[in-house]
Protein chains: 2
Amino acid sequence: MSCPEHHHADEHCCTPGCRVHGLLQPWLLLLLYRGPTHGYHLLEKLGADERTTSADPGLLYRTLRQLEQDGMVVSTWDTEGSGPARRRYAITPEGVDFLHAWADEVHRVRGRLDYFLDAHAAAFPLFDPEERR
Amino acid sequence: MSCPEHHHADEHCCTPGCRVHGLLQPWLLLLLYRGPTHGYHLLEKLGADERTTSADPGLLYRTLRQLEQDGMVVSTWDTEGSGPARRRYAITPEGVDFLHAWADEVHRVRGRLDYFLDAHAAAFPLFDPEERR
DNA sequence: TATGCTATATGTCAGAAACATATAGAGGAG
DNA sequence: CTCCTCTATATGTTTCTGACATATAGCATA
């Protein structure tokens, strides 16, 4: 049987390391609002916090390029320091607006999840997710 | 620019009719727990409540067949009444367990959304999604 | 020189959802 | 009787996201 949420056939999903999907864009924008950085740093930040979202390099770099194409972030090459050159990203005013639109969307989605959880709780009054660690 | 959440290139998404994704399985299971019915009825139920999830016939019938394959529901042909024959679905004990697993998962996802919203609120104290109707 | 880390990027595949279409029984309008 | 609509189930196709694998390259150090 597949797992709830994304139905991967194998077992290395929906294990404790499994993250929430679809929030990579807003997390990147929010992290960049705290201060400009490069992709690898964002990758480490997301990877270090289990409560954020997936930290796949492929997806992350592609998403940053997409955000840049759409004018949500801008990048400049940073050759200072050691190691390979890194692309330094910064959020734009449009990006901040988009981040707010994301916050609205996430707020709405949370409402729908609550609606389902309420309906489930009404059908199963004895069910308590907190006790199912 | 694409829209938050699913990035469709066109504009007929993220309009008022837009629903939350990924909850079709649990909604079907929950509705079937309230009582056995056929697919078209479930389609109408989901379609009538904006706060549930997408009501696409193709996805719904395919999902029901998948749930049956996995032993979460069982179906019998119902030729009573007028109109074409309908497949009457009922949830199984395994389906109820799976529904609870879904509730746990949704609860966890909700926590991640809260985590993002808290982080966003901390960065933008004046932002209020309620006032952005 | 070889390996490991930093850093960015591309290729491929599976799965969900959107959208269109196919099939068919039954009832009513004209 | 024929056409249309509603009920009901099912399939085909496309697009997008995310997962996973791989490629490239600079630099440090053993």
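Proteins get letters first, then strands, A, B, ... in listed order; numbering begins at 1 in each.
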In whole Å, what is the span from the [atom1] atom of [X] to the [atom2] atom of [N]?
X     : N      : atom1 : atom2 : value
A:L43 : C:dA7  : CG    : C1'   : 10 Å
B:L46 : C:dA18 : CG    : P     : 12 Å
B:L64 : C:dA16 : CG    : C1'   : 15 Å
B:E68 : D:dT9  : CD    : P     : 12 Å
A:H38 : C:dA9  : NE2   : C1'   : 16 Å
A:E80 : D:dG26 : CD    : C1'   : 16 Å
B:K45 : D:dT7  : NZ    : P     : 16 Å
A:Q66 : C:dT8  : CD    : C1'   : 17 Å

Quick one: list whatever passes side-chain hydrogen bond (donor to acceptor under 3.5 Å, both in side chains) with [X], sequence neighbours left out.
X     : result
A:S75 : A:E68, A:R87
A:E44 : none
B:Y61 : none

B:E44 vs B:R65, nearer the 5' end of DNA chain D by closest nucleotide: B:E44
Under 4.0 angstrom between A:Y61 side-chain N/O and C:dA9 OP1 or OP2: no
Heavy-atom closest contact (A:A85 atom, A:T79 atom, distance): CB-CG2, 4.1 Å
Side-chain donor-acceptor distances from residues 26-34 of chain A under 3.5 Å, at least two apart:
none

Considering only nitrogen or oxygen atoms on both sides, find all protein atoms under 3.5 Å from nucleotides 12-14 of chain D and state each distance.
residue	atom	partner	partner atom	Å
D:dG12	N7	B:R62	NH1	3.3
D:dG12	O6	B:R62	NH2	2.4

Any residue of residues 82-91 of chain B with a heavy atom less than 4.0 Å from an atom of DNA chain D: B:P84, B:A85, B:R86, B:R87
With B:D114 via salt bridge (Lys or Arg N to Asp or Glu O under 4.0 Å) - residues at least two apart: A:R110, B:R110
With sequence neighbours excluded, residues passing ring pair (Phe, Tyr, Trp, His ring centres under 6.0 Å) with A:Y40: none
Side chain to side chain contact (heavy atoms under 4.5 Å, CB included) against B:D118, all qualifying residues, sequence neighbours excluded: none
Non-hydrogen side-chain atoms of A:L67 and A:I91 separated by less than 4.5 Å: no
